[in-house]
Visitor: 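Can you keep this structure in mind? I'll have questions shortly.
Just so you know, these numbers come straight off a predicted model, no measurement behind them. Both counts, for ligands and for their atoms, begin at 1 and track the order of listing.
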Amino acid sequence: MLKIAVAKGDGIGPEIMDAVLKIFNAANVPLAYEVVDMGKWVFDKGFSNGMTPEAQETIESLGILFKGPMETPKGKGVKSVNVTARKTWNTYANKRTFQTLHGVDTVFSKAGIPIDVTIVRENIEDTYGGIEHMLTHDVAVCRRFITRPGSYQVIKYAFELAKQKGAKRITCGHKSNIMKITDGLFLEVFYEIAKEYPELKADDVIVDDLCMKLVTKPDLFDVVVLTNLQGDIVSDLCAGLVGGLGFAPSANIGDHISIFEAVHGTAPDIAGKNIANPTALLLSGFGLLRHVGLTAESALIENALLYTLESGVHTGDFGDKSIPSVSTDAFSDAIIANFGKQPAHNPKTIVPSQLIAPTIYKLEQNPMLESVSIGAATVVGIDLFIESNEQPTVVAEKLLLGKIEKVKLVTISNRGTQVWPKGSVFTNLVNQYRCRFESIDGSGLTNEDTIAIQLGVQQQFKVCSTELLNKWGDKAGYSLAQGQ
Ligand code: NAI
């Protein structure tokens with residue numbers, strides 16, 4: 001029998017996980033469960049990543065983790081157990097499906113507008129690297145990583161999923177009109193992969209427009225792929241469209257390890273009261289069952305859940321308030337009692353298929369993801385981020401005083417807006433400038449050259465950070481300042 005790892009989590013986690021496993025067992029789902037120690041309670045015992053070494057070993061050897069929500073320990077420098085798990089095991093795609101559930105009233109269900117949207121969110125990169133620094137006492141920066149191989153993994157997964165789903169449309173949500181290099185790269189990879197799927201209509205929408213369209217015409221969309229932070233926000237918006245967090249499942253898919261969990265958190269306000277709604281975790285469980293090929297078991301339970309919802313049985317967080325709500329236990333018992341019943345709306349077809357065990361192979365070293373190089377970059381300049389509370393002209397004069405060879409000062413910006421050589425006195429300043437030096441004749445700079453530039457500037461200012469200006473042929477790997 002296929003064995004999977006189960007982490008019950010914190011707060012309502014143990015209650016809803018027990019409810020779901022009881023339903024699975026009643027349906028004779030052919031899975032064995034190895035319960036592992038993971039969550040805030042493990043963190044409190046002194047395990048800084050929120051899991052015991054045995055838990056990590058079990059998950060890495062089984063390849064599938066079914067997890068309850070976990071509390072993020074409070075305090076500076078402490079990372080979320082959930083984010084650590086997703087990143088450590090490279091579960092690069094976060095799939096969240098949002099479907100109209102009859103019995104769960106929403107504005108759209110009342111208007112007869114069906115929703116069936118799948119959001120695929122990149123799960124590792126973006127600002128979730130949590131690489132943040134204070135450059136001065138007033139200025140904080142967060143590094144946003146968007147990589148070509150990371151984008152490729154998640155977008156390729158989204159296209160494959162769209163194909164399997166029989167989707168007509170796949171959409172890339174982005175903000176490349178503003179973040180031309182990072183979101184621009186994500187979008188570029190999207191259209192490169194789209195060429196391999198001519199049968200799918202592939203298009204893109206700016207993320208703010210996407211949000212507006214999702215709340216006005218959600219039935220326009222089918223599969224949407226986004227970067228991490230934008231995907232996080234858009235998927236919670238979609239949860240709201242179908243009735244809230246109690247109905248939002250999620251799968252974190254990787255090449256070796258996959259994690260299935262509900263979108264919601266530990267709901268500390270209702271923990272231990274036997275009133276939590278187990279539906280989102282159960283829906284996540286269907287994703288798990290289908291992932292390992294147990295489609296018949298998944299369909300049997302899903303039909304029972306839909307029938308139960310249609311018949312008006314509900315926990316306290318949703319449903320018709322004129323019908324008394326039931327406990328978590330009673331809700332799961334009602335689902336079990338409805339095995340074999342067909343819902344009136346969207347019944348699932350019971351198509352048996354083979355149990356598919358995850359392919360786990362022992363990795364000898366960390367996989368290096370690298371795309372085909374387009375040649376070496378030429379370093380044509382350097383951005384130096386300096387601390388100063390002086391006026392731009394004073395900063396420029398001081399910089400021009402220093403004898404810096406091979407390069408010229410081309411622009412100074414403050415919070416991304418050019419303030420020298422041209423600018424506006426109406427631009428508010430903070431005590432940190434970016435000073436861009438470019439090679440005089442466009443030729444490449446060596447490490448020694450860029451270090452010499454930095455040393456020259458350090459005579460006058462504290463240099464907080466530096467960034468090289470790379471160019472591949474005509475393609476610049478850096479943005480211009482606003483107004484440059
Ligand atoms: P939350 O999702 O736990 O709760 C928000 C609201 O929704 C609360 O009123 C709660 O009672 C309700 N709710 C959530 N799930 C419910 C369910 N199944 N049945 C009925 N009502 C439900 O979000 P919150 O309060 O922001 O976070 C609490 C903790 O959970 C934090 O420590 C957070 O870091 C963690 N968290 C963990 C996640 C995970 O493990 N994947 C995801 C989100 C938050």
Side-chain angles (χ1 to χ4, degrees), residues 5-20 23 36-44 49-51 55 59 65-76 78-89 91 94-96 101 104 119 121 123-124 128 130 228-229 231-233 235-240 242-253 258-285 287-288 305 308-309 313-319 321 325-332 335:
V6 169
K8 295 190 180 182
D10 305 303
I12 59 169
E15 298 161 60
I16 54 173
M17 184 59 84
D18 287 344
V20 170
I23 297 169
V36 295
D37 294 343
M38 201 175 164
K40 161 79 164 47
W41 64 277
V42 182
F43 178 87
D44 288 342
N49 61 354
M51 65 183 106
I59 296 160
L65 171 64
F66 192 22
K67 78 175 266 297
M70 291 175 190
E71 187 183 330
T72 300
K74 294 192 177 67
K76 279 201 165 170
V78 178
K79 301 269 181 187
S80 148
V81 184
N82 305 302
V83 178
T84 304
R86 289 173 207 156
K87 289 170 68 96
T88 308
W89 295 314
T91 61
N94 182 228
K95 176 181 79 157
R96 299 182 179 183
L101 292 165
V104 183
I119 303 290
R121 162 191 168 195
N123 220 11
I124 312 256
Y128 284 65
N228 204 340
L229 178 59
D232 192 8
I233 298 165
S235 52
D236 269 25
L237 181 152
C238 290
V242 295
L245 285 176
F247 302 93
S250 141
N252 301 285
I253 307 288
S258 295
I259 306 171
F260 297 83
E261 62 180 340
V263 170
H264 64 70
T266 58
D269 49 334
I270 57 165
K273 296 184 180 160
N274 192 22
I275 56 171
N277 179 1
T279 307
L281 189 64
L282 184 58
L283 294 171
S284 315
L288 188 163
L305 167 71
T308 308
L309 294 173
V313 179
H314 66 94
T315 47
D317 55 307
F318 76 101
K321 296 288 174 228
S325 59
V326 300
S327 66
T328 311
D329 282 341
F331 187 75
S332 39
I335 295 170

Visitor: Applying side-chain contact (heavy atoms from CB on, under 4.5 Å) to D37 and M51, what does each step give before you reach the verdict?
Guide: CA-CA 6 Å; D37 294 343; M51 65 183 106; over 6 Å; no

Visitor: If I take atom NZ from residue K87 and atom CG from residue N82, how far apart are they, to the nearest 0.5 angstrom?
Guide: 13.0 Å

Visitor: Can you tell me if S327 and D329 form a side-chain donor-acceptor pair at under 3.5 Å?
Guide: no

Visitor: Sub-3.5 Å donor-acceptor pair from the side chain of D10 to the main-chain atoms of E71, do we have one?
Guide: yes

Visitor: To the nearest 0.5 Å, what is the distance between NZ (K8) and CD1 (I16)?
Guide: 11.5 Å

Visitor: Does S284 use its side chain to pair, donor to acceptor, with the backbone of E261 at less than 3.5 Å?
Guide: yes

Visitor: Near ligand 1, which residues have a heavy atom under 4.0 Å away from one of its atoms?
Guide: I12, K67, P69, M70, E71, T72, N82, R86, L245, E261, V263, H264, G265, T266, A267, P268, D269, I270, A276, N277, D317

